[in-house]
Enquirer: 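The following block contains the structure, expressed as structure tokens.
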There are 2 protein chains.
Amino acid sequence: MKELIAKYREKGFKLTPQRIAILKFLDGNTSHPAANDIYRNIKKDYPTVSFATVYNTLQALRDRREVAEITIDFQKKHYDPDLRPHHHIICTECNKIADVFQDYSEALRLPYHIKDEFQATANHVNFYGICKKCQKIKKGGTKLCA
Amino acid sequence: MKELIAKYREKGFKLTPQRIAILKFLDGNTSHPAANDIYRNIKKDYPTVSFATVYNTLQALRDRREVAEITIDFQKKHYDPDLRPHHHIICTECNKIADVFQDYSEALRLPYHIKDEFQATANHVNFYGICKKCQKIKKGGTKLCA
DNA sequence: ATTTAGATTAGAATGATTCTAATATTAGAA
DNA sequence: TTCTAATATTAGAATCATTCTAATCTAAAT
Ligand SMILES: [Mn+2]
Ligand SMILES: [Mn+2]
Ligand SMILES: [Zn+2]
Ligand SMILES: [Zn+2]
């Protein structure tokens, strides 16, 4: 809380109640929220908050490398406050996203003709699968209601 | 051409001139086009073609596993007629996408606690980098005009 | 307390994608 | 070939995520 605020103030990031609420929501959050998830949550405490503020703040944080955008979902961007290099697995049924902390960089060597054409700067592995809960639902039967 | 058409007819995929144009455009295409790229190209021969047809056809092909959707671009979906398992590298400056045919699956082992929670079905590596052309532009100076 | 750079806001604009409902075509049957 | 049913096409509207605009407000430095 206080440390969090101090950290951003030091970096010259102007703090407002809305921004603090967003930072608090993101701090330690492992749910990989999309912009709308953040908006809904902040709105509880700041009913007048606007979508623009959420997007502006996310952009500012992204530009300062304080959050990462992840491209695992075909529909929308998700945000990740955990900047440690890691990968993700997403449930193709319910879109639940989990972290995969595993360093594959040794193995992810590019073929020479690609190295020749691109100067690689980053890599990210997307795993797809079905989570436990969705496995059960599929097995147990199709629908919950007739 | 003929084999291509025969292949789809056999599979009960109803063929229309527009669909054939889309299939031809995709066949052997390594450019990873987005829907709009396909639309623009088909429009040359079928000026009345609609966006809906392009999207409908892409959906039908995707459902039949005849094209893959790729999530490497934050802005939009790209389509890939090459179904062999492979990965991609995208230029963060110009969005050029290239194929990376390299099998990393041996190395991409998931941690046990993830295996416990997810039944993994697929994986895809996104590499990010800067292509040769964009490297030159950056080095040579900032802008082409004053 | 004053000042100003930067943040907030509602709402409009944009861009990608999906939906709708009327019309037209394909492909198989007669 | 002609008929028919199933399916595809179309323009345009609708939706959803995201960005932009321009007026107003506020953090935080002086
Ligand atoms: Mn993560
Ligand atoms: Mn490819
Ligand atoms: Zn799930
Ligand atoms: Zn480039």
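All chains are named by letter (A, B, ...) in the order of the sequence lines, taking the proteins before the strands, and each is independently numbered beginning at 1. Reckoned from all heavy atoms, side chains included, excluding hydrogens, waters and symmetry mates.
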Enquirer: Do the charged groups of B/D37 and B/R40 touch, with an N to O distance under 4.0 Å?
Expert: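 So B/D37 pairs with B/R40 through a salt bridge.
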Enquirer: Taking atom types as they are modelled, would you say the side chain of B/K77 forms a donor-acceptor pair with the base of C/dA16 within the 3.5 Å cutoff?
Expert: no
Enquirer: Any idea how A/F51 and A/Y39 line up, ring-wise: parallel (<30°), tilted (30 to 60°), or perpendicular (>60°)?
Expert: parallel
Enquirer: Once the angle between the rings of B/H88 and B/H32 is folded into 0 to 90°, is it parallel (under 30°), tilted (30 to 60°) or perpendicular (over 60°)?
Expert: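 Geometry flag for B/H32 against B/H88: perpendicular rings.
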Enquirer: Let me know, please, whether B/R62 or B/T16 comes out on the 5' side of the other along DNA chain C by nearest nucleotide.
Expert: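 So the residue in question is B/R62.
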Enquirer: Determine the sole option in A/D80, A/V125, A/D103 for which the side-chain contact (heavy atoms from CB on, under 4.5 Å) test with A/H86 is passed.
Expert: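 With A/H86 as partner, side-chain contact (heavy atoms from CB on, under 4.5 Å) holds for just one option, A/D80.
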Enquirer: Check DNA chain C for consecutive Watson-Crick or G-U pairs with both distances under 3.5 Å and list the runs of at least three as stems.
Expert: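 Only these stems qualify: C:1-30 with D:1-30.
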Enquirer: Can a side chain N or O of B/R19 be found less than 4.0 Å away from OP1 or OP2 on C/dT25?
Expert: no
Enquirer: In whole Å, what is the span from the CD1 atom of A/I20 to the P atom of C/dA7?
Expert: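 About 13 Å, once rounded to whole Å.
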Enquirer: Could you tell me whether the phosphate oxygens of D/dT19, OP1 or OP2, come under 4.0 Å of any side-chain nitrogen or oxygen in A/Q59?
Expert: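 For A/Q59, the contact criterion (side-chain N or O under 4.0 Å from OP1 or OP2 of D/dT19) is met.
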Enquirer: Starting from P on D/dT9, measure out to CG on B/L58 and report it in whole angstrom.
Expert: 11 Å
Enquirer: Side chains of B/T57 and B/I38: does their closest heavy-atom pair fall under 4.5 Å?
Expert: no
Enquirer: Check the distance between C/dT26's P and B/I5's CD1 and give it to me in whole angstrom.
Expert: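 These atoms are roughly 12 Å apart.
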Enquirer: Please report the distance, rounded to the nearest Å, between NZ in A/K11 and P in C/dG6.
Expert: 18 Å
Enquirer: Please give, in whole Å, the distance from D/dT9 P to B/I38 CD1?
Expert: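 Rounded to whole Å, this separation is 14 Å.
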Enquirer: Expressed in angstrom and rounded to an integer, what is the separation of A/R64 atom CZ from C/dG6 atom P?
Expert: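 One finds 10 Å between P of C/dG6 and CZ of A/R64, rounded.
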Enquirer: What residues from residues 45-56 of chain A pass a heavy-atom cutoff of under 4.0 Å to DNA chain D?
Expert: A/A52, A/Y55
Enquirer: Compare side-chain N and O positions of A/Q18 against OP1 and OP2 of C/dT9 and report whether any pair is under 4.0 Å apart.
Expert: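 Result: yes.
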Enquirer: Report the residue (B/K76 or B/L15) whose heavy-atom-nearest nucleotide on DNA chain C is the more 5′ of the two.
Expert: B/K76
Enquirer: Kindly indicate whether the side chain of B/I90, heavy atoms from C-beta on, has any atom under 4.5 Å from the side chain of B/Y128.
Expert: yes
Enquirer: Roughly, in whole Å, what's the span from CG in B/D37 to P in C/dT17?
Expert: 10 Å
Enquirer: Do A/D45 and A/F25 come close enough that some side-chain heavy atom pair is under 4.5 Å?
Expert: no
Enquirer: Okay, side chain of B/R19, backbone of B/F13: is any donor-acceptor separation there less than 3.5 Å?
Expert: no
Enquirer: Take atom OH of A/Y39 and atom C1' of D/dC16, then tell me their distance rounded to the nearest Å.
Expert: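 To the nearest whole Å, that distance equals 14 Å.
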Enquirer: Taking CZ in A/R109 as the centre, count heavy atoms belonging to other residues, nucleotides or ligands within less than 6.0 Å. Is the count above 12?
Expert: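 Counting other residues, nucleotides and ligands, CZ of A/R109 stays at 12 neighbours or fewer.
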